[in-house]
Novice: 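First the structure, which I've put down as structure tokens, then a few questions once you've had a look.
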Amino acid sequence: MELPRRARGDELLRSGELIALRKRLRAISARHDLVTVIACAFDHRTRMLPFIYADTRMAPAGVRAIGSAMVDIGFDKTRIVLQQWNPHFRASQMRLDGRVPDLFMVSTMGMHSGRAMEMMKDARRIDPAHRPLIIAGGSHAVYEPHLLFNGDASQTGGADVAITGEEFVLLSLLEVLLTLRADGESMRSVFFRARDCGALDEISGLVYPRGDRDGVAEELLDTGVQRLLGDLDELPSPVLGYRLLEAPSGAMTLASQALPPERVRKHSPIGSVVLTFGCKFACPYCPIPAYNQRQHRLKGPQRIAEEMWGLYKAYGIRNFFGVDDNFFNKKALTLDILETLASAEFDGVPLRRKARWYTEVTVHDTLQMKEHLPLAHKAGVRALWLGVEDMTATLVNKGQSVDKTSEAFRLMRAAGICPMPMMMHHDSQPLYSRGSQYGLLNQINVLRKAGAVSLQVLMMTPSPGTILYEKTFTDGLVIDSAGGKPVEAHMCDGNYIVASKHARPWRKQLNLLAGYLSFYNPLWFAIALLRRGSKVGLKPAGMQIVGMLGLIQSIRRTSGWALRLMFGRVKRLSRPPVSNIPMQSVHGTMASHAPVETPMPSRRHRVVALPVAV
Ligand code: B12
Ligand code: SF4
């Protein structure tokens, strides 16, 4: 099920609304000496192709954005801990500025949710009198917030509240809490009071539990789908967030100081930056258009140039990854950004000399931009990731074809931009096809000839928040367990075959490895070295090294699963998962973020209390 769309015309915040909220919070923050720890959940078992380098060498934008927002409103005592860099971090032992934090925030994607739940459970070991308010966020909270709470009465765990949206939702929550907070009152206490008097119900984008026992959710209340920020120039500067990072370490506790600015680039040589959000296509396996309420949201060209320069000056970062869904989505707006970046100068230095960047686009839009690819190069673009999925457009048709994809790749290479294809393998695609371009290896060969520099091949996997999600279950594709091993969250990353009707799903698992092996191998490394005179230089050879190292990890991690699929009993699910915690909207109707078939509470037992400190 996709996220429901807000009423037409009510999808976006009013212009200036986020700026006004930031200003109001700055006016009250001095009265509240808050300490915050923001943790990014990361399951190291997901470390393999195709993300082996980007997963740890690019400090994620989500936690940095939340950290930037906290500093921007006046809460400097904030630390960002990445489980990527601090695998042994223990929330129960965290102290910052000598104090147990007032707020513990956890950001997670679906495949890292096991680690997020462990961290929140651990944070609950802190004595309730000092325990921070536990706030969960990130893409998993957007699509499956119910999974961030504990519904098992025999234990305690999970979040106090999940944010199913962006900065504006968190800041709105903080404004309500800080307005109600009595002197010296804990953030948990004021949260419970605010919740019980209905003060949170007008903040769209929250899911919070109710029940008699702390840490056990008897029901979940959903305040609805967030309003999105349309003008991304209203966001706080990303420069703020980088100075909050905890340095990589094997310690369970936090260091007294954050990672010094001069060491940021060493650990995060790539800086992810928000440029645009949204995509005009509507691929049925993708949750992005619905998440964005079919809106295209942008930062202004000058602001983008200033951010890149600001990050370079403050931390020396020179490589940027635009977290765009489809950067070339609207040609005129794209050209505006490219022209500005190509000509931007700071302190007499052209930005393009210092900043190189990469982002995601589609084949269709790349061809629309074909005469402007040299401009993109001049603006600093050096690689573009393109969803070619299945080039014969059998799986999904978004204007790609073998000829068009090849043409787009050749034009990019001619302009000095590395084409980075993202493919999707599926049940009906054979490993090799004779006399056609349908097979996986055939397509990889075409891509390589056309100039592909890297390769991503993932298996089509059900993604919550998409039209296809439920059908994949009801069609009997989704695997529950193989050889007695249940499918876990970290396996739902496209690298494991967890949804397939194929009679021999292990072949699909091996196909992925065979596909990678045909692309990343010593022969093609040698050829890439010989061809280093091309406009993309040594980059293909560099990607071959990363690819071969990543492939070793992929083989190590997924071949056991291939064996289970081969020799074990494969059990499939026939229905999509339901929330084991009843869920409803604050108005007593179906919750916007409910998964399919979520039971509604039989009776709405809301306690409406006066907002008095406890
Ligand atoms: C960049 C990116 C990556 C990079 C991440 C590198 C890095 N270290 O940052 C790479 C390429 C490695 C990657 C890999 C994968 N990704 Co990815 N990725 C993205 C992408 C395009 C942008 C993420 C981002 O930085 N956004 C910008 C920031 C500012 O937004 P944000 O992260 O959403 O955070 C905002 C809110 O969510 C919220 N928030 C976030 N955290 C918190 C915490 C708290 C406490 C609060 C209050 C709020 C909050 O506030 C933030 C500011 O607005 C998103 C799609 C998208 N457009 O968001 C997919 C996305 C996150 N990826 C996704 C997936 C599935 C994957 C992969 C499994 C590959 C795949 N099969 O598609 C792998 C997993 C790899 C791994 N081991 O982790 C999914 C996650 C779905 C889910 N249910 O969790 C997304 C949403 C795309 C999609 N298909 O829908 N990805
Ligand atoms: S083109 Fe990419 S971002 Fe756009 S809907 Fe399709 S998969 Fe999603």
Side-chain angles (χ1 to χ4, degrees), residues 36 38-48 50-69 82 84 103-113 116 134-144 159 161-171 173-174 205 226 228-229 232 235 238 241 268 270 272-274 276-292 321-326 329 359-365 385-387 389 396 398-400 422 424 456 458-461 463-466 489-490 492-495:
T36 305
I38 308 168
C40 181
F42 187 83
D43 194 321
H44 283 255
R45 289 172 295 180
T46 60
R47 299 218 60 211
M48 62 183 110
F51 307 111
I52 192 79
Y53 184 80
D55 55 0
T56 55
R57 308 284 281 168
M58 181 162 104
V63 274
R64 286 190 291 103
I66 296 301
S68 297
L82 307 178
Q84 290 88 327
L103 297 169
F104 178 50
M105 305 200 200
V106 179
S107 175
T108 187
M109 289 194 213
M111 52 266 144
H112 303 301
S113 57
I134 304 175
I135 305 176
S139 50
H140 189 47
V142 171
Y143 299 114
E144 297 180 293
V161 56
I163 306 271
T164 59
E166 303 174 355
E167 291 90 338
F168 186 83
V169 183
L170 174 71
L171 296 187
L173 171 68
L174 289 181
Q226 67 172 332
L228 294 160
L229 179 68
L232 302 178
L235 288 170
S268 181
I270 314 170
S272 48
V273 280
V274 170
T276 70
F277 285 127
C279 172
K280 61 177 172 274
F281 293 98
C283 305
Y285 50 79
C286 175
I288 285 166
Y291 171 81
N292 282 290
F321 183 76
V323 294
D324 308 277
D325 303 312
N326 176 11
N329 199 44
T359 186
E360 289 190 25
V361 294
T362 57
V363 171
H364 173 270
D365 293 313
W385 272 260
L386 304 99
E389 330 299 9
V396 61
K398 48 186 183 189
Q400 84 278 33
M422 303 188 286
M424 213 178 259
Q456 168 174 324
L458 296 177
M459 181 70 183
M460 175 90 175
T461 302
S463 176
T466 61
H490 75 89
C492 300
D493 65 350
N495 280 311

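Indexing begins at 1, ligand by ligand and atom by atom, following the structure's order.
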Novice: Specify the protein heavy atom at minimum distance from atom 90 (O) of ligand 1: its residue, its atom name, and the distance to 0.1 Å.
Specialist: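 Result for atom 90 (O) of ligand 1: Pro287 CG, 3.0 Å.
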Novice: My question is simple, although I want it checked carefully: is atom 3 (C) of ligand 1 less than 4.0 angstrom from any protein heavy atom?
Specialist: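 Answer no: nothing from the protein, no heavy atom, is under 4.0 Å.
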Novice: Look at atom 6 (Fe) of ligand 2 and say which protein heavy atom is nearest, naming residue and atom and giving the distance to 0.1 Å.
Specialist: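 Looking only at protein heavy atoms, the one closest to atom 6 (Fe) of ligand 2 is Cys283 SG, 2.3 Å.
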Novice: Would you indicate which of Trp385, Phe277, Phe321, Phe51 comes nearest to atom 69 (C) of ligand 1 when only heavy atoms are counted?
Specialist: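 Heavy atom nearest to atom 69 (C) of ligand 1 belongs to Phe51.
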Novice: Test your reading of the structure: does Tyr143 have an N or O sitting under 3.5 Å from an N or O of ligand 1?
Specialist: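 Not met; the criterion fails.
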Novice: Out of Glu166, Met424, Met111, whose heavy atom sits nearest atom 64 (C) of ligand 1?
Specialist: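 The nearest heavy atom belongs to Met111.
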Novice: Check each atom of ligand 2 against the heavy atoms of Cys279 and keep those under 4.0 Å away; list them by number with element.
Specialist: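 Heavy-atom distances to Cys279 below 4.0 Å select 1 (S), 3 (S), 4 (Fe), 5 (S).
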Novice: I need the nearest protein heavy-atom contact for atom 56 (C) of ligand 1: residue, atom name and distance, please.
Specialist: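 Checked against all protein heavy atoms, atom 56 (C) of ligand 1 sits closest to Asp325 OD1, 3.8 Å.
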Novice: Using a 3.5 Å cut-off on N or O atoms only, is Gly110 in polar contact with ligand 1?
Specialist: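 N/O-N/O distance below 3.5 Å exists for this pair.
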Novice: Tell me: protein heavy atom nearest atom 53 (O) of ligand 1, and distance?
Specialist: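 Its nearest protein heavy-atom neighbour is Glu167 OE1, 2.8 Å.
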Novice: Who's closest to atom 39 (N) of ligand 1 heavy-atom-wise, of Gly62, Cys40, Gly138?
Specialist: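 It is Gly138 that holds the nearest heavy atom.
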Novice: Which atoms of ligand 2 have any heavy atom of Thr362 under 4.0 Å away?
Specialist: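 Listed by number with element, the hits are 1 (S).
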Novice: What atoms in ligand 1 come closer than 4.0 Å to a heavy atom of Ala65?
Specialist: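 Near Ala65, the atoms of ligand 1 are 52 (C).
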Novice: Do me a favour and list the nearest non-hydrogen protein atom to atom 1 (S) of ligand 2 with residue, atom name and distance?
Specialist: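 Looking at atom 1 (S) of ligand 2, the protein heavy atom closest to it is Lys398 NZ, 3.4 Å.
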Novice: Report yes if some N/O of Ser139 lies less than 3.5 Å from some N/O of ligand 1; otherwise report no.
Specialist: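 Yes: some nitrogen or oxygen of Ser139 is under 3.5 Å from one in ligand 1.
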Novice: Look up atom 41 (N) of ligand 1 and tell me if a protein heavy atom lies less than 4.0 Å from it?
Specialist: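 Answer yes: something from the protein, a heavy atom, is under 4.0 Å.
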Novice: So for ligand 1, is Thr108 a polar contact partner (N or O within less than 3.5 Å, distance only)?
Specialist: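 So ligand 1 has no N or O lying under 3.5 Å from an N or O of Thr108.
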Novice: Distance-only, no hydrogens or angles: does the Asp493 side chain make a donor-acceptor pair with backbone N or O of Asn495 under 3.5 Å?
Specialist: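 Flag set: sc Asp493 to bb Asn495 pair under 3.5 Å.
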Novice: Counting only heavy atoms closer than 4.0 Å, does ligand 1 sit against the backbone of Ile163, its side chain, both, or neither?
Specialist: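 Looking at Ile163 and ligand 1, just side chain atoms fall under 4.0 Å.
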Novice: Which heavy atom of the protein is the closest neighbour of atom 48 (C) of ligand 1, given with residue, atom name and distance?
Specialist: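 Ranked first by proximity to atom 48 (C) of ligand 1 is Ile66 CD1, 3.5 Å.
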Novice: Would you mind checking which non-hydrogen protein atom is closest to atom 77 (N) of ligand 1, with the distance to 0.1 Å?
Specialist: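 Protein heavy atom at minimum distance: Thr46 OG1, 2.9 Å.
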Novice: Return the option from Met109, Glu360, Arg64 holding the heavy atom at the smallest distance from atom 62 (N) of ligand 1.
Specialist: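 Among Met109, Glu360, Arg64, the closest heavy atom to atom 62 (N) of ligand 1 belongs to Met109.
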Novice: State whether any protein heavy atom lies less than 4.0 Å from atom 18 (N) of ligand 1.
Specialist: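 Within 4.0 Å: no protein heavy atom nearby.
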Novice: With a 4.0 Å cut-off on heavy atoms, is Cys286 in contact with ligand 1?
Specialist: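 No heavy atom of Cys286 comes that close to ligand 1.
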Novice: Using distance alone, determine whether Gln84 and ligand 1 share an N or O pair under 3.5 Å.
Specialist: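 No.
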Novice: In terms of residue, atom name and distance, what is the protein heavy atom nearest to atom 6 (C) of ligand 1?
Specialist: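 Here the nearest protein heavy atom works out to Met58 CE, 3.3 Å.
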Novice: Could you see which bit of Cys286 sits under 4.0 Å from ligand 2, with heavy atoms only: side chain, backbone, both or neither?
Specialist: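 Near ligand 2, Cys286 shows its side chain, while the N, CA, C and O stay back.
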Novice: Regarding atom 36 (C) of ligand 1: of the candidates Gly165, Gly137, Gly465, Pro238, which has the closest heavy atom?
Specialist: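 Residue with the shortest heavy-atom distance to the ligand atom: Gly165.
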Novice: Counting heavy atoms only, which part of Leu458 comes closer than 4.0 Å to ligand 1: side chain, backbone, both or neither?
Specialist: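 The part of Leu458 near ligand 1 is the side chain, not the backbone.
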Novice: Any atoms of ligand 1 less than 4.0 Å from a non-hydrogen atom of His112? List them with their elements.
Specialist: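 Those of ligand 1 that fall under 4.0 Å from His112 are 76 (C), 77 (N), 78 (O).
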Novice: Would you mind running through ligand 2 and noting each atom that sits below 4.0 Å from a heavy atom of Pro289?
Specialist: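 In order of number, 5 (S).
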Novice: Measure from atom 45 (C) of ligand 1 to every heavy atom in His490, Met460, Met105 and give the option owning the shortest one.
Specialist: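 Residue with the shortest heavy-atom distance to the ligand atom: Met105.
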